[in-house]
Amino acid sequence: MDAAFHFPIYLTNGVFFSLFFSVAYFLLHRWRERIRNSTPLHVVTHSELFAVVSLIASAVYLVGFFGLDFVQSVFTGKYSDVGNWDSADEEIVKAVAPGPYEAVVAVEKLETTSSEKEDEEVVKAVVEGRTASYSLESKIGDCKRAAGIRREALQRITGKSLADLPLDGFDYESILGQCCEMPVGYIQIPVGIAGPLLLDGKEYSVPMATTEGCLVASTNRGCKAIYLCGGAASVVLRDGMTRAPVVRFATAKRAAELKFFLEDPMNFDIISVVFDKSSRFARLQGIKCAVAGKNLYMRFTCSTGDAMGMNMVSKGVQNVLDFLHMDFPDMDVIGISGNFCSDKKPAAVNWIDGRGKSVVCEAIIKQEVVRKVLKTEVAALVELNMLKNLTGSAVAGALGGFNAHASNIVSAVFIATGQDPAQNVESSQCITMMEAVNDGEDLHVSVTMPSIEVGTVGGGTQLASQSACLNLLGVKGSNRESPGSNSRLLATIVAGAVLAGELSLMSALAAGGEISPELGICYGQLGNNLPSRSESVQLLKTLKPKAVKLYDANPQILNALRGQNLHVSIMVPNQLLPSISTNQTLADRWVRTNVSPFYPRVRIRYLLVGNEVLSSWNDNATQLSLLPAMRRIHRSITSLKLKKIKVGTPIAMDVIAFESPLRPSNATFRADISGPVMKPLLEFLNQTHSFFFLDVYPFFQWASDPVNIGLEYALLKAETINKYADPGTRLVYGNLLDQMLDSVIFAMRKLGYLDLRLFIAETGDIDQIGANIYNAATYNRNLVKKLTAKPPVGTPARPGEVIPAFIFALYNENKKGGQSTEHHFGLMYPNGSNVYPDRFCWQDVGRTPESKYKPLPLPTNDEPHKGKIWCVVTEGGDSNLKALRSEMAFACGQGNGTWDRTRPGGKCYKPDSLVGHASYAFSSNWAQFRKFSGFCFFNGPAAQSTKDPSYGSCKFPSITLDCAGKQVKAERTDKD
């Protein structure tokens, strides 16, 4: 064609472009005059006939020249008519300036070869400035190769490595000239799924691309609550994209004349015809004008089908501006966007009039679901919403920000589905409403979002991964039968996900913020060489825990904790339970004395009633008094309006019926407590939205069977090495802690409690006798990393669940009862020095790589004791003589002849010592019953010893352990 006309191709194209638009303008002008004068349109003059012929001829040429690209775009699915423009400034640049690839048409192209030698030459050319970086795709013809060359040149120019930025595995052709210029790689953002979200009778799995831990898990919890209550309902109130050009006149009067013209209903039809011809989907809905001096802002609103529509509405606006020039030739167009739109900025006009899709979504959440799933109360949610989302936002002067975290969910869904993330600004405008309904029993919750700007075609929606997420939701591409329905459905899904996210986060806040990881430390005081209480609190702060657990309600410690940003757990002693269980006055007095004077300046969050009361060594009467005492304590804190305090009780792992190997799915509670104690206890914890507080020590489980349980498995080091597959559920376990936690979870399930949350009330590892500093530091560091992981990892039975925990303990306590190992769980020595080479700081442990720690002393005693072992009174075990006599009487009362040896005339009577007699009784009893899972504990005063306590003719009974720690022999001298 160039040769036929004897003109350069660009001049030929220019002539036909000019001819086409000139005659089109001429015909439109004449058509407008005929409409005004009521002249029939089919009557044409010679000039008009010539114009029609010229229009057709130029159209034929242009279609013939450019038609191939158009046909290709139709069959390849590129939706050029509804491209997604980011901003008015970008549109102006695209309209008046050649693109980066057009600018280099005259430049001789490089040969398209992938040889390293030629790539190196291109890299050098870019570095030296001889080749423009933006022109690489045009010159080379291989988008991926161009990205790699640009990347290497950038590294050489800046001296910074991009090794961790992925390059391979991405289709760079798909973004050429559409999504991103001058690419050097791509960012990896994980995509999680929340749901199913039951919305308008259909289930949706909502994709969320985010790096924020807990966000998907939290939204998922909200989806569960909505699902259990029959789902949510949504309504699209409006659907219209806006663009607002600004024009200037010589006078304000003239600007007002155009305003009146545009707002005159008589003129709307002709303006809409001009606007709508820009696209087969664009339909003008209205024009709103605002005058500022001699400047006029015209806010056009139109439907855009399934596209987000910024490109589409901008084309229509340009057509109208050209049309208005005929009657208002003195109009000076300053910008196609005058910020009255308003795009990617918080604006009252969007909040009031809407932009994109205006959606309201609602649900009614039943009281039972609020309590069991959301772990809070309807009244608490309503009050919090009023004070936080409504009043608090008003005090802050919020503009559309009357919500908890709508932008979190909107951003995550936008990134996953290929929307413009910057439009999260106006799309996240949301007001969350909560109201008690059905006589205050249930919760009505809604979100109203006036400016959700989404599309299912154009822009980033065409990329493979984003397109897959749209396909997951059933809204991929354009809906040919009902244009616009896919994008409207996507907007309702966004609103539904926001509803779920708001519901879950508000519930967590109303319940005391328990959704965030909370790690604390146990502060025991059973030592005669410990620092003062105030000094201990200061040392405690250097470890940076989020909480501290006390084993009493010591007023000196509580006073030292005033004003500290620490959650505090206090405890009712075991010996008070029988009295409190039958006396509400005593319960009230205890709370008024030990809680009320300190709360809320001391952030008491947990009130634990008793300590390991349900362990097998406690008597049945004490166990039966536990739940009544907990109920009375709870009644006291409720009557005194001490909010946010959870009532619970620490429970040891021995409540689980023993089996080897430990099989979580088969776990049950001990038969003696399952029905009479555990079931009503679980019901109380569930009704009060409290936790199952569990003392769990993998070290002791390993020490009882070191042959079948690997040490690394117990230290949380064997995630990729040793695995245990539960044959009942096929869940795979990578560490012993998860196996023990899930045993409790399955035991609760068997009693009908599926969602009661766990709180590790004690865990840790020792640094003496059967373990060492290396293993203790390893366990505690791995524990912190596991429990503070983002997103949360939970357990195999409850993936993604946050598990709060207290690590045992602050100090090595030399007067602590029980086994001697209990003296060596501390993170600090009593003089304040560190047990480990590095101070155990919570915030640092979770993100410090192993290479940054100082070397730990190598383990020297990873094998359990082999040989004889005895059970004797521990150091300090005689501090309570009455209790010691009681335990000795129990040990001697099992029909094993122990009394005979320790009575006057017996071989072990002299010296007449209570400690000596009790040690003999403990050893005798233990030798008889250890093989039946008996413990060397006796409610505190007993501990194992490898030193033979025998003397003279008094031979103490013992047991003999093999190298695996298994009992191979029991010597019963009481039968001599």
Side-chain angles (χ1 to χ4, degrees), residues 82 84 195 197-204 206 223 226 230-243 281-286 288 299-310 312-313 341-343 347 349-364 400 402-403 406-407 409-410 413-414 417-420 423-433 444-458 461 470 473-502:
V82 289
N84 187 1
L197 170 65
L198 184 57
L199 179 66
D200 298 323
K202 295 183 178 180
E203 296 181 11
Y204 301 95
V206 183
C223 290
I226 293 171
S234 66
V235 178
V236 178
L237 305 175
R238 288 185 296 268
D239 180 6
M241 182 49 63
T242 65
R243 175 59 86 204
F281 296 105
R283 295 296 179 266
L284 184 65
Q285 297 174 347
K288 180 177 182 178
R299 192 173 193 258
F300 291 79
T301 304
C302 80
S303 60
T304 58
D306 283 310
M308 188 274 290
M310 290 294 296
M312 192 185 301
V313 66
C341 310
S342 173
D343 185 33
V349 68
N350 292 340
W351 178 240
I352 297 170
D353 292 338
R355 189 171 194 256
K357 279 70 174 171
S358 299
V359 182
V360 60
C361 187
E362 64 179 346
I364 294 179
F402 299 90
N403 57 80
S407 61
I409 291 88
V410 172
V413 178
F414 269 31
T417 57
Q419 311 305 311
D420 187 341
Q423 289 182 318
N424 167 66
V425 175
E426 61 266 43
S427 297
S428 295
Q429 288 185 323
C430 169
I431 182 169
T432 300
M433 303 291 291
H444 179 274
V445 56
S446 67
V447 293
T448 304
M449 307 179 69
S451 307
I452 302 178
E453 299 172 2
V454 294
T456 58
V457 292
T461 65
L470 289 171
L473 295 171
V475 295
K476 177 182 177 181
S478 177
N479 190 313
R480 300 187 182 277
E481 296 180 358
S482 178
S485 60
N486 278 1
S487 61
R488 286 190 292 272
L489 177 56
L490 178 58
T492 62
I493 293 172
V494 171
V498 169
L499 181 72
E502 290 286 283

Rounded to the nearest 0.5 angstrom, the OG1-CZ distance for Thr448 and Phe402 is 12.0 Å

Output for pair (Leu499 CG, Thr492 OG1), nearest 0.5 Å, gives 12.0 Å

The side chain to side chain contact (heavy atoms under 4.5 Å, CB included) partners of Thr461 (sequence neighbours excluded) come to Gln419, Leu470

Correct closest heavy-atom pair for Tyr204 and Leu199 would be CE1-O, 3.8 Å

Between Val498 and Cys361, is any pair of side-chain heavy atoms under 4.5 Å apart?
-> no

Residues at least two apart in sequence or cross-chain that pass side-chain hydrogen bond (donor to acceptor under 3.5 Å, both in side chains) with Gln285, listed by chain then number, are none

Hits for side chain to side chain contact (heavy atoms under 4.5 Å, CB included) against Ser428, two or more places apart or cross-chain, chain-then-number order -> Ser407, Val410, Asn424

Tightest non-hydrogen contact, residues Ile452 and Ala495, listed as CD1-CB, 4.2 Å

Correct closest heavy-atom pair for Leu473 and Val206 would be CD2-CA, 4.2 Å

Residues at least two apart in sequence or cross-chain that pass side-chain hydrogen bond (donor to acceptor under 3.5 Å, both in side chains) with Thr242, listed by chain then number, are Arg355

Problem set entry | Side-chain donor or acceptor of Ser451 paired with backbone N/O of Gly354 under 3.5 Å | no

Quick note, salt bridge (charged side-chain N to carboxylate O under 4.0 Å, His left out) partners involving residues 490-502, not counting sequence neighbours, are none

Residues passing the side chain to side chain contact (heavy atoms under 4.5 Å, CB included) test with Ala282, sequence neighbours excluded, are Phe275, Ser278, Ser279, Met312

### Task
Check the pair Glu362, Val360 against side chain to side chain contact (heavy atoms under 4.5 Å, CB included), reporting the backbone distance first and the verdict last.
CA-CA 7 Å; Glu362 64 179 346; Val360 60; 5.6 Å; no

Applying salt bridge (charged side-chain N to carboxylate O under 4.0 Å, His left out) to Lys476 and not counting sequence neighbours gives none

In this structure, CG of Asp353 is separated from NZ of Lys288 (nearest 0.5 Å) by 3.5 Å

Contacts of Asn350 meeting side-chain hydrogen bond (donor to acceptor under 3.5 Å, both in side chains) (sequence neighbours excluded), chain-then-number -> Arg299

To the nearest 0.5 Å, atom CG of Leu489 lies from atom NZ of Lys202 at 7.0 Å

Of Asp239, Val475, Val359, the one forming a side chain to side chain contact (heavy atoms under 4.5 Å, CB included) with Arg488 is Asp239

Those residues at least two apart in sequence (or on a different chain) that pass side chain to side chain contact (heavy atoms under 4.5 Å, CB included) with Asn479 are Asp306, Glu481, Ser482, Ser485, Asn486

Nearest heavy-atom contact between Phe414 and Asp420 is CD2-O, 3.5 Å

Of all heavy-atom pairs linking Ser342 and Glu426, the shortest is O-OE2, 3.8 Å

Check your understanding: Under 3.5 Å, is there a donor-acceptor pair between the Lys357 and Ser487 side chains?
Key -> yes

Applying salt bridge (charged side-chain N to carboxylate O under 4.0 Å, His left out) to Arg283 and not counting sequence neighbours gives none

For Cys341 and Arg243 the tightest heavy-atom approach is SG-NH1, 3.4 Å

Taken to the nearest 0.5 Å, the spacing of Leu198 CG from Ile226 CD1 works out to 9.0 Å

